[in-house]
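To start, the structure itself, in structure tokens.
Because the structure is a prediction, the values reported are computed rather than measured. Order of the sequence lines fixes the chain letters, A, B, ..., with proteins taken first and strands second; residue numbering starts at 1 for each chain.
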Number of protein chains: 4
Amino acid sequence: MPPQPIPAVQAHRYDWPMSAPAPSARRASSRGRIDKRQAILQAAFTVFAAQGYELTSVQEIAAEANVAKATVYSHLDDKEQLFRQTMATVAEAVLADSLAAVDRLRAVGDDLRAVWEDVADELVRVCCDERARALRSLAYAQVARFPDLIADVQGRTSVRLAEALADRIARLSLSGRIRPADPTCAAEQFLALLTGPIETRSRMGTREIPAEELLVVSRSAVDTFLRAYAADS
Amino acid sequence: MPPQPIPAVQAHRYDWPMSAPAPSARRASSRGRIDKRQAILQAAFTVFAAQGYELTSVQEIAAEANVAKATVYSHLDDKEQLFRQTMATVAEAVLADSLAAVDRLRAVGDDLRAVWEDVADELVRVCCDERARALRSLAYAQVARFPDLIADVQGRTSVRLAEALADRIARLSLSGRIRPADPTCAAEQFLALLTGPIETRSRMGTREIPAEELLVVSRSAVDTFLRAYAADS
Amino acid sequence: MPPQPIPAVQAHRYDWPMSAPAPSARRASSRGRIDKRQAILQAAFTVFAAQGYELTSVQEIAAEANVAKATVYSHLDDKEQLFRQTMATVAEAVLADSLAAVDRLRAVGDDLRAVWEDVADELVRVCCDERARALRSLAYAQVARFPDLIADVQGRTSVRLAEALADRIARLSLSGRIRPADPTCAAEQFLALLTGPIETRSRMGTREIPAEELLVVSRSAVDTFLRAYAADS
Amino acid sequence: MPPQPIPAVQAHRYDWPMSAPAPSARRASSRGRIDKRQAILQAAFTVFAAQGYELTSVQEIAAEANVAKATVYSHLDDKEQLFRQTMATVAEAVLADSLAAVDRLRAVGDDLRAVWEDVADELVRVCCDERARALRSLAYAQVARFPDLIADVQGRTSVRLAEALADRIARLSLSGRIRPADPTCAAEQFLALLTGPIETRSRMGTREIPAEELLVVSRSAVDTFLRAYAADS
DNA sequence: AATGAATGAGCTTTCATTCAT
DNA sequence: AATGAATGAAAGCTCATTCAT
């Protein structure tokens, strides 16, 4: 009888691009080791996202990554480090996508509303993304166990996102498209108008939000935001 | 040597009023049993709030409630029910406070802004309340384990709160103080403007928000809300 | 929430006649107490028989007897005494029935075989009786826990039955119907021929033996017994 | 201070030969694992036999096998499987011995009685064997908890033994040494004549039967059996 | 470097038993 | 006498982690 035949977890699998070093820079064996570490981290996020931190055993992660349990420990110190590394890696990836959405505000044409709607739609897409939702959910869930982790994850995501958005708003303010106001506060409110209703309506990810409902939320957010912050034309 | 000398948990203690039946309605012994059940639920919330569901052992709850572990099991079926009952009870209490805040919108005087600021301040107080924060946090954290619980808790708190708020907004709309708009959407946005920034700034409750910062958030929320929804005077 | 609402056990219920004292000999209240003790013992045997000693909780017995758990303890010292008393009481009842069957050998007519077949059938009936089977089964099952109990139960049943049977055989031997042989040994063998195959075929009571199969066993036992022990006519 | 200093169980220790695979067929490490599994099963039988299923804790089995409790669980799924595997393994071993005894009937010389006495003595030896007794006793005792186990154990022991014996009787019948009769019934009765009195006299294993008493039982069984079944010479 | 095997520590849950009313 | 309530003690089981191969 094989000792622990853990079945593979039924869940989304998350693969993300790594900032891969140049292939020639490292020997093949070293490369293989990095690949395995990579595989373990991805497996870890897949399983953590599906089951949460506590309900996930290291055994399950090892099975998902097709390695032995001890191999996981040879790459990451313990379950805590495994979790932290996983979260950091995913947070980085989510942030990149979010920033890309905000960057669309760098080129604002005549139609101010159109651009904001575009950004809002894109951010909604990122917010509803399984990966982003799982990331937030995991971070929130572990506040009691790893109180510092939340700052870390939020620092890498919401905060930097809000800052980037505030930058755009400041520029729009200078160019007279947005009325004079604290850009940080405005950015914070825009994100709140967008994500707040979505979190509520999705019941923290346990309910699927229909596309048209998402659109309503997105449009309403932009509408309220522009009513409050658009410069009087 | 007592076998399990669990030290008392260092944490806030939460006592909430129960909808107490008339004292004469029950015999003393029955009353005593209810009191003990009450004590167990309060102890449970105290410890759960401080440590989270998984890190909390039933033993610790028993110690906090000054009863034997088996006594806990004689009142609540198992750890899961203990958690659910605790959450339900606290959610009810939080909801009552929130609704009281919103009720202030029933009597709106000349100064529309003044009333909304009053409501906002009161809701912020409830939002930053340790008890409410812990409730949300615990619910979020257990999405993976008890997916239905989140709907239950949100149903008893955010959703009913938003409905009550929407009712007020609808009346204000009819009386011409708020411009015609979907009251549900408006209520949802008002709450998002209030709680979103607070959750972010408090780092999900791991950081204390200074009073003046809270005031800024509250005032900004009202300002944006009224800019977007106040009837053109 | 009532603490332990144990559902009644789905099982045969065993009521047996008690050697009732004369009604006038005791006060009514005392009579009630005896009745309750009686009810507890019967309930105990019902539940023990259905579930075995270990899987039966005192709570279940109390529920079956419609009394509180503590009441059981006020009548019987502890679970062990409860079990022993129950077993002794039932053993007495079973023995009475068995002895009645053997008594039919007191009046042997011309047809020796007919009488033995009658006795065999009657004993088979007692052997397959749920009550007798449960008694043996419970005693066997607790050899490890109560090693002396088995002697007690066997002493009150098989041994005294074998003795009674040996008495009859001795008389038949004297009267020339049975060949000279050790009556004890003969009695023992007759019972073995009867009960051995039945225990095996019933898989210790887990399988129902069809009536015709029982008849075969019974007839075969008598046949073999008479071939070995009937006097040469 | 070790937390669980379980003392070793005072009891017979049962080692039985395993159908060992060729040593070269497996790697040393795998061999080691099998050895340990073997040790655990033997320890389990030792402790189960001494204390019964319910009074035996997995902890005690682990101690007897000189492994940690968790190691037991890594080899066998849970206490139930541990018990079933143990019983199956021992049943197989007991059966082998019993069949060997019956095989002596393949070569019947002139003296029919002598062969049967030889077989009877050998079977009595197997029946009184601590190991066989414990096996039956454990199976009987767990009828309530594992109703199917009894069929399994009896299937592997009594039933197959009776069949083998019936085969021999059939051949003896064909060769005219045993009178024409149902061989199955005859086999069943022979075993009943042998084991019935022994179980009764040994008080289900709680009393040691003196050697001369065993001889009486054995001789009487053969005598009665041959009187009933030997062909008229 | 990778892994099979083993383990220490801990947690949930049950239950016989006692005690105050 | 009867009972609701409370509890001490123990058992089954899991899992993160280590170590020899």
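Between D/Asp35 atom CG and E/dA5 atom C1' the separation is 14 Å, expressed in whole Å. What separates CD of C/Gln81 from P of E/dT17 is a distance of 10 Å, to the nearest Å. For the pair C/Leu76 CG and F/dA1 C1', the interatomic distance rounds to 15 Å; values are reported in whole Å. Going from atom CD of D/Gln59 over to atom C1' of F/dC13 covers 12 Å, rounded to whole Å. Atoms CG (C/Asn66) and C1' (F/dA2) sit 14 Å apart, rounded to a whole Å. Between the CG atom of B/Leu82 and the P atom of E/dT13 there is a distance of 10 Å, given to the nearest Å. In this entry the distance linking CD1 of C/Ile61 with C1' of E/dC15 reads 12 Å, nearest Å. One can place CZ of A/Phe83 at 16 Å from C1' of F/dA16, the figure rounded to the nearest angstrom.
For C/Thr71, whose side chain is taken as the heavy atoms from C-beta onward, the closest listed nucleotide among F/dT18, E/dA2, F/dT3 is F/dT3. Comparing E/dA6, F/dT14, F/dT3 against the side chain of D/Tyr73 picks out F/dT14 as the nearest. Considering only side-chain atoms of D/Ala70, the nucleotide from E/dG8, F/dG4, F/dA16 that sits closest is E/dG8. For C/Ser57, the listed nucleotide lying nearest its side chain is E/dC15; candidates were E/dC15, E/dT3, E/dT14.
Note on A/His75: a side-chain N or O is less than 4.0 Å away from OP1 or OP2 of E/dA2.
In this structure, CD1 on C/Ile40 lies 4.5 Å from NE2 on C/His75, to the nearest 0.5 angstrom. Atom CD of residue C/Glu54 and atom CZ of residue C/Arg145 lie 4.0 Å apart, to the nearest 0.5 angstrom. In this structure, the separation between CG on C/Leu55 and CZ on C/Phe48 is 11.5 Å, given to the nearest 0.5 Å.
In the interface, the side chain of B/Lys79 is not paired with the base of E/dT13 through any donor and acceptor atom under 3.5 Å apart. Residue A/Lys69 places no side-chain atom within donor-acceptor reach of the base of E/dT3, judged by atom type and a 3.5 Å distance cut-off alone.
Minimum interatomic distance between D/Thr89 and D/Gln85 (heavy atoms only, all atoms of both residues): OG1-O, 2.7 Å.
The backbone N or O of C/Ala39 sits nowhere less than 3.5 Å from a side-chain atom of C/Gln42 that would complete a donor-acceptor pair.
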> For DNA chain F, what dot-bracket results from Watson-Crick or G-U pairs at under 3.5 Å, with [ ] for crossers and | for inter-strand partners?
Replying inline: .||||||||||||||||||||

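Mapping D/Glu80 and A/Glu54 onto DNA chain F by nearest heavy atom places D/Glu80 at the nucleotide closer to the 5' end. Heavy-atom distances to DNA chain E give each of C/Asp77 and B/Asp78 a nearest nucleotide, and the one nearer the 5′ end belongs to B/Asp78. Residue C/Ala68 is the one, among A/Leu55 and C/Ala68, whose nearest nucleotide of DNA chain F lies closer to the 5' end (criterion: closest heavy atom).
Using a 4.5 Å heavy-atom threshold, the side chains of D/Tyr73 and D/Leu82 count as separate.
Cation-pi geometry between A/Arg84 and A/Phe146 is met: under 6.0 angstrom from the ring centre, within 45 degrees of the axis.
By the side-chain contact (heavy atoms from CB on, under 4.5 Å) test, D/Ala134 pairs with D/Tyr14, D/Phe45, D/Ala49, sequence neighbours left out.
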